[in-house]
Amino acid sequence: VQLQACGGGLVQAGGSLRLSCACSGRTFSRNGVGWFRQAPGKEREFVAAIDWSGGGTDYADSVKGRFTISRDNAKNTVYLQMNSLEPGDTAVYYCAASSRSSATVRYGANFWGQGTLVTVSS
């Protein structure tokens with residue numbers, strides 16, 4: 001399983017970005033998928049997760065109401081829509097998949113992709 005995150009970039013505070021996570025090598029339509037981020041000098045932290053159907057989601061308190069995770073299983077892709085971005089959201093964002101189908105990815109992921117950098121300027 002290979003996961004590839006893309007869509008990062010430089011954006012001003014208050015702006016929006018949409019990240020994508022695509023899977024190659026196999027489908028992950030039966031897997032829970034999540035996003036994590038790691039800011040410079042900080043530990044990696046959970047951001048959001050979605051279950052296999054898209055009907056169940058989980059968010060970190062810091063992004064609730066601003067970020068939305070979704071998925072298109074036909075395209076084998078998971079998205080993270082990020083609105084009202086803040087400088088504190090600056091980080092490398094990683095997508096990860098769990099061997100479980102639920103949205104409990106924050107408790108453990110089995111497959112990790114390379115990250116994409118998001119920089120939010122003030």
Side-chain angles (χ1 to χ4, degrees):
V1 174
Q2 291 186 331
L3 303 176
Q4 179 64 51
C6 63
L10 174 63
V11 64
Q12 289 188 332
S16 298
L17 279 176
R18 188 177 79 159
L19 305 183
S20 298
C21 174
C23 179
S24 62
R26 54 156 282 183
T27 177
F28 64 5
S29 63
R30 293 295 181 180
N31 299 85
V33 178
W35 289 93
F36 294 76
R37 67 186 182 186
Q38 187 166 20
K42 294 187 178 181
E43 294 186 352
R44 185 170 59 196
E45 64 175 358
F46 168 76
V47 175
I50 190 166
D51 72 1
W52 72 276
S53 71
T57 57
D58 182 24
Y59 294 94
D61 288 344
S62 59
V63 306
K64 279 181 181 177
R66 300 188 299 122
F67 291 10
T68 302
I69 189 170
S70 61
R71 68 189 301 160
D72 184 338
N73 285 339
K75 296 182 178 179
N76 220 24
T77 302
V78 171
Y79 304 97
L80 184 68
Q81 178 66 43
M82 305 185 296
N83 298 329
S84 301
L85 283 162
E86 304 167 352
D89 295 318
T90 294
V92 176
Y93 283 72
Y94 300 89
C95 63
S98 169
S99 59
R100 299 178 299 276
S101 61
S102 63
T104 55
V105 186
R106 71 160 75 204
Y107 302 111
N110 303 93
F111 310 101
W112 291 86
Q114 292 184 332
T116 185
L117 177 62
V118 172
T119 303
V120 184
S121 63
S122 57

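Keep in mind that the numbers below use all heavy atoms, side chains included, and drop hydrogens, waters and symmetry copies. Worth saying up front: this structure is predicted, and the values here are computed from it rather than measured.
Closest approach of Trp52 to Arg71, counting heavy atoms only: CA-NH1, 3.3 Å. Closest non-hydrogen pair, Pro87 versus Ala13, comes out as CD-CB, 4.1 Å. Considering every non-hydrogen atom in both Ala109 and Val105, the closest pair reads CB-CG1, 3.9 Å.
Annotation: the span from Gln38 atom CD to Tyr93 atom OH amounts to 12.0 Å, rounded to 0.5 Å. Here the CZ atom belonging to Phe67 is positioned 9.0 Å from the CG atom belonging to Leu17, to the nearest 0.5 angstrom. Interatomic distance, Ser53 OG to Asn73 CG, rounded to the nearest 0.5 Å: 8.5 Å. Once rounded to the nearest 0.5 Å, the distance linking OG1 of Thr57 with NZ of Lys64 reads 9.5 Å.
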For residues 20-34, which side-chain donor-acceptor pairs fall under 3.5 Å, sequence neighbours excluded?
{"unit_1": "Arg26", "atom_1": "NH2", "unit_2": "Asn31", "atom_2": "OD1", "d": "2.7"}
{"unit_1": "Thr27", "atom_1": "OG1", "unit_2": "Ser29", "atom_2": "N", "d": "3.1"}
{"unit_1": "Thr27", "atom_1": "OG1", "unit_2": "Ser29", "atom_2": "OG", "d": "3.1"}
{"unit_1": "Thr27", "atom_1": "OG1", "unit_2": "Asn76", "atom_2": "OD1", "d": "3.3"}
{"unit_1": "Asn31", "atom_1": "ND2", "unit_2": "Ser98", "atom_2": "O", "d": "2.7"}

Considering only distance and modelled atom types, tabulate donor-acceptor pairs under 3.5 Å from the side chains of residues 115-122, sequence neighbours left out.
{"unit_1": "Thr116", "atom_1": "OG1", "unit_2": "Gly8", "atom_2": "N", "d": "3.1"}

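Proximity of Val63 to Met82: side-chain heavy atoms (C-beta onward) are nowhere separated by under 4.5 Å. Put simply, the side chain of Val92 does not reach to within 4.5 Å of the side chain of Phe36, judged on heavy atoms.
Looking only at distances, a side-chain donor or acceptor of Tyr59 sits under 3.5 Å from a matching main-chain atom of Ile69.
Hydrophobic cluster membership is shared by Val47 and Phe111, with clusters built from Ile, Leu, Val, Met, Phe, Trp and Tyr side chains linked at under 4.5 angstrom. One hydrophobic cluster, built from ILVMFWY side chains closer than 4.5 Å, cannot hold both Val78 and Tyr94; they sit in different ones.
Listed by first and then second residue, the side chain to side chain donor-acceptor pair (under 3.5 Å) pairs that reach into residues 106-115 are Asp58-Arg106, Ser99-Asn110, sequence neighbours excluded.
Between the side chains of Ser16 and Asn83, at least one donor N or O lies within less than 3.5 Å of an accepting N or O.
Counting heavy-atom neighbours within 6.0 Å of Gln4 CD, excluding the residue itself, gives a total above 12.
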